[in-house]
Chemist: 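Here it is, the structure, as structure tokens.
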Amino acid sequence: MAKLLTHSIIAFIILHASEAINPPTSVLDLSDKFLEVKDEGMWFVEFYAPWCAHCKRLHPIWDQVGHALSDSDLPIRVGKLDCTRFPAVSNKLGIQGYPTILFFRNEHVIDYRGGREKESLVSFAKRCAAPIVETIEASQLEKVKLSSRSQPSFVFFGDSSGPLFDAFNTAANAKFSIARFYSVSPIQNDSSFRQRVIVLKDNVEIEFNEELDKLTEWVVRERWAGFIQATSSNLAEIGASGKLVVLIVSSETQKLNSSSPIRDFHRTAEDASKELRKQPSLWNRFQFAWLDGPDLASQIQMATVSEPHLFVFNYTSYEYYLSEDEPTQMTTKSILTFLEQTADGVDNETIFAFGGRHLITRIKRMIFELYWNIAQMFATQPLLSSCLFGVPIAFLSIICYSICSADFTVDRDEFYGDEDELLDDEDREEIELPETDDDHEKAE
Ligand SMILES: *[C@@H]1O[C@H](CO)[C@@H](O)[C@H](O)[C@H]1NC(C)=O
Ligand SMILES: *[C@@H]1O[C@H](CO)[C@@H](O)[C@H](O)[C@H]1NC(C)=O
Ligand SMILES: *[C@@H]1O[C@H](CO)[C@@H](O)[C@H](O)[C@H]1NC(C)=O
Ligand SMILES: *[C@@H]1O[C@H](CO)[C@@H](O)[C@H](O)[C@H]1NC(C)=O
């Protein structure tokens with residue numbers, strides 16, 4: 001009965017679907033009835049507004065995503081919902097910007113924050129729809145290891161019971177959208193086999209050895225490969241790992257230039273990120289990432305940063321720490337020493353933190369960003385920017401000029417005529433006073 005109801009609701013939703021002129025689409029046009037069915041099965045939904053340019057650009061891609069997913073035989077329904085027509089839905093789901101892309105799976109809502117290409121959207125949906133913990137044979141482990149080089153996987157070894165398995169399951173249920181989880185059954189006569197949880201990444205395995213209730217936190221902390229690219233869209237997520245981010249400013253093009261100091265520095269930093277693994281106390285606190293070009297770093301530091309450069313960044317507090325060494329002089333060892341000092345300094349509160357989220361810093365940052373964006377506009381679109389800023393400024397100047405240089409006496413003369421010579425600049429206020437007999441006489 002409930003199923004029948006669901007079907008009729010879905011049928012009702014589809015009623016709104018594309019008209020005959022549009023080519024057939026596998027994207028459902030949803031209405032506010034969506035709220036009643038969102039927890040049933042899996043949904044991948046774009047929330048949009050008709051006037052939003054990003055949404056318009058996404059629509060054709062979204063249709064392709066719909067086709068790709070309907071071809072894949074996964075039980076994912078792809079839909080889109082016009083938030084201007086159904087504001088109740090966007091209010092209920094707390095949608096703030098357009099387009100917002102959400103995946104719904106059994107009461108979990110997963111926010112999509114990646115790029116807007118078909119491939120990444122489809123692979124995200126597939127990852128969200130995959131079994132939360134995939135059971136594999138020990139022989140399949142090698143394949144998982146290979147695919148985990150750049151995208152870490154979490155693996156549980158042992159019988160599917162006991163507190164460690166429960167903790168693993170909890171972590172997987174909470175975080176299945178950000179990482180892959182596998183479970184490997186024990187091999188009967190392998191005496192070295194014991195129950196454990198590891199993460200596979202960067203060609204190594206790292207075992208979880210903290211208290212069980214820390215497992216989810218650990219997953220969030222270890223979900224990134226050792227040295228990843230940070231962008232403005234993933235920096236918040238990297239920062240949410242609970243580690244301080246060691247940001248390397250280099251540039252994609254110079255990484256292959258054998259005569260460039262940027263390349264050497266990038267390699268040194270990469271080595272340092274590998275060395276870090278050997279020092280658990282540092283490993284738990286720092287995540288290496290690199291930025292392509294200095295723009296984002298300049299915005300964080302509110303100053304012009306030149307590559308190569310290294311700084312330690314706390315996304316939560318927006319504070320950052322700088323080394324006294326020139327980046328080009330740094331070695332793997334000196335980077336690690338700097339990190340040790342930073343860790344101690346943060347603990348003992350003896351290190352100076354730049355930036356932050358204080359009111360004054362926030363105002364400074366706003367001004368800097370405004371300045372930065374305008375400078376960027378002029379750098380990339382000089383002609384357009386000149387028109388954009390030049391025309392209003394020219395108008396403003398003309399208006400100002402007219403106001404300042406206007407001959408007010410002329411106006412007054414027109415108002416009061418020639419008869420009253422006494423009213424000059426100093427007497428202006430008197431005009432508003434009620435007329436006295438004296439004035440009358442004077443006027444006469
Ligand atoms: C485990 O035992 C099976 C047969 O019981 C045998 O074929 C296999 O080689 C053994 N494996 C190991 C690792 O000893
Ligand atoms: C970042 O700063 C905040 C506020 O000072 C602090 O609570 C947090 O632990 C810091 N994050 C890291 C990863 O150290
Ligand atoms: C490579 O690096 C050198 C030294 O910094 C620089 O002068 C040169 O322009 C770079 N080459 C390219 C293709 O960017
Ligand atoms: C900071 O504290 C650590 C212990 O947490 C201590 O070993 C270290 O000497 C302290 N550093 C300074 C500069 O006080």
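Both counts, for ligands and for their atoms, begin at 1 and track the order of listing.
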Chemist: What atoms in ligand 2 come closer than 4.0 Å to a heavy atom of S317?
Modeler: 1 (C), 2 (O), 4 (C)

Chemist: So if I count the atoms of ligand 3 from 1 in the order they appear, which ones are less than 4.0 Å from some heavy atom of N257?
Modeler: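 Once the distances to N257 are compared, the set is 1 (C), 2 (O), 3 (C), 8 (C), 10 (C), 11 (N), 12 (C), 14 (O).
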
Chemist: Of T316, L244, V312, V245, which has the heavy atom at the shortest distance from atom 14 (O) of ligand 2?
Modeler: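 It is L244 whose heavy atom sits nearest to atom 14 (O) of ligand 2.
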
Chemist: Quick one: are the ring centres of F265 and W290 less than 6.0 Å apart?
Modeler: no

Chemist: Is the distance between the ring centroids of W62 and F44 under 6.0 Å?
Modeler: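 Here the rings of F44 and W62 have centres that are less than 6.0 Å from each other.
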
Chemist: Charged N to carboxylate O below 4.0 Å: is that the case for E134 and R180?
Modeler: no

Chemist: Right, does atom 7 (O) of ligand 3 have protein non-hydrogen atoms nearer than 4.0 Å?
Modeler: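 Not a single protein heavy atom is under 4.0 Å away.
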
Chemist: Is it true that F181 and F154 have ring centroids separated by less than 6.0 Å?
Modeler: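 Yes: the rings meet the under 6.0 Å criterion.
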
Chemist: For atom 11 (N) of ligand 3, is the nearest protein heavy atom under 4.0 Å away?
Modeler: yes

Chemist: I'd like to know whether the aromatic ring centres of F352 and F354 sit less than 6.0 Å apart in this structure.
Modeler: yes

Chemist: Is K255 salt-bridged to E252, going by a charged N under 4.0 Å from an acidic O?
Modeler: yes

Chemist: If you measure from each heavy atom of P261 to ligand 3, is any distance below 4.0 Å?
Modeler: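 Checking ligand 3 against P261, which is what was asked, there is a heavy-atom contact under 4.0 Å.
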
Chemist: Give the atom numbers and elements of ligand 2 that come within less than 4.0 Å of a heavy atom of G242.
Modeler: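 Here the atoms of ligand 2 in question are 13 (C).
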
